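Have a look at the structure below before the remarks.
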Amino acid sequence: MNQITAPDIIMSKNKKKLVMVTAYDYSMARLVDRCEVDMVLVGDSLGMVSLGHEDTLSVGMKEMLHHAMAVSRGVKKALVVADMPFMSYQAGVSRAVLNAGRFLKEARAGAVKIEGGTSVIPQVKAMVEAGIPVTGHLGLMPQSIAMFGGFKVQGRGASRGIILSQARQLEEAGCFCLVLEAIPPSLAEEITKSISIPTIGIGAGPCCDGQVLVINDLLGMNDDFTPRFVKKYSDLSRMIRQAVSAYASEVRSGVFPGSEHCYKDD
Ligand code: KIV
C-alpha cells in the first residue's frame, strides 16, 4: 500500500473531492486512516481540543512534534500534514526551514502547513527549495486572532481581493494545496477556479476541492460550542458519558468485574 504524497494531492485537482481530517494521537490516527481519508492533519487545534488552551497561540514545537510523531506511527495510507505552531516560522526564513524540516525528519510527516499570505512567501519558497511540501492557510488564521479581534469570518469587502491575490502568490511560491477557513463560499469558489492547486475548505462552502474538519467536532465530542460550519456525524460526548457512567455504577454495585473477566486459579 503506497502512502499518499503531495504530488498525488495536486494530481487530484478536478478529479475527486479530497478529504482531510485532524488527529492528534496514535489510536485516532489509526482509526481515521482506515476510513480512506486523503490527508490527516496534526492541527495546532491540538492546543484547544487536546490541551485545553483557549486558542492555538500557546502551542509550541515540542508539543506539535510529540503529537505528529504519534500520528505518523498510526497512519499508513494518508498523507500526514503537520501544522507549524505560532512563532515557529514567522520570525525568519532559516528558522522556518529548520523547524519545518524537523516535522519530516523527526516526526516523519509528509508535509507541513503554515498560515499567512504575502508575509510567508519567502518561507514557503525556502521550504519548497529544501524539499518540504507546504500547505498554505488563508482566511481565518487562528494564529492571527489578536489581529483579527477574535475568531471572525474573513474575506468580506476589501479583504476579498487581498485573499484572492495571496492565494495566487502561495500557489506561485510552491504550495501544493491551500486551506481556506471561514470565508464566503463565493470567494472560495473564485479562488478554487483561479489556482491549479487543490483548495481545502473549512467553513468555506461546497466549491472547494476538498474539506477538512477537526475530528473532535465531527465526532460530537464537544457539547459546549459548535461553530456553524461543523456537522456532527456522531454524538460521542453523550456516548462516552453514558459508557463511563455505566462503568462507574457497575463498579460501585459490584456487577463489574464479573466472573467472565477474572482469571482462573490454574
Ligand atoms: O489546526 C487545525 O486543526 C487547522 C484546521 C482547522 C484547518 O488548522
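One-based numbering along the sequence shown. This is a predicted model, so every value here is computed, not measured.
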- Query: Would you call K77 and E36 a salt bridge, taking side-chain N to carboxylate O under 4.0 Å as the test?
  - Reply: no
- Is it the case that S88 and R95 place a side-chain donor and acceptor less than 3.5 Å from each other? no
- Message: Between D223 and R241, is the salt bridge (Lys or Arg N to Asp or Glu O under 4.0 Å) condition met? List the steps.
- Response: CA-CA 12 Å; D223 24 37; R241 280 184 279 112; 2.9 Å; yes
- Query: Would one find more than 12 heavy atoms of other residues, nucleotides or ligands at under 6.0 Å from atom OH of Y247?
  - Reply: no
- Query: Can you name the nearest heavy-atom pair linking G155 to R160, along with the distance?
  - Reply: O-CB, 3.6 Å
- Task: Would you name the heavy atoms of I215 and T22 that are closest together and state the gap between them?
- Result: N-OG1, 2.9 Å
- Neighbour count above 12 (heavy atom, 6.0 Å) for E250 CD: yes
- Query: Do the side-chain N and O atoms of S165 and Q169 include a donor-acceptor pair separated by under 3.5 angstrom?
  - Reply: yes
- Is E189 salt-bridged to K193, cutoff N-O under 4.0 Å? yes
- Query: Are S196 and E171 linked by a side-chain donor-acceptor pair shorter than 3.5 Å?
  - Reply: yes
- Item | Heavy-atom side-chain contact between S194 and L164 under 4.5 Å | yes
- Item | CD1 on I114 to CG on N99, rounded to 0.5 Å | 11.5 Å
- Message: Please tell me whether Q90 and Q143 have a donor and an acceptor in their side chains that are separated by less than 3.5 angstrom.
- Response: yes
- Item | Neighbour count above 12 (heavy atom, 6.0 Å) for R30 CZ | no
- Task: Before accepting this row, confirm whether a basic side-chain N of the pair D25/R73 lies closer than 4.0 Å to the acidic partner's carboxylate O.
- Result: no
- Query: Between the side chains of S72 and Y26, does any donor sit under 3.5 Å from an acceptor?
  - Reply: no
- May I ask you to say whether D38 pairs ionically with K16, meaning some side-chain N is under 4.0 Å from a carboxylate O? yes
- Query: Judged by atom type as modelled, is there a donor-acceptor pair below 3.5 Å linking the side chain of Q123 to the main-chain atoms of Y89?
  - Reply: yes
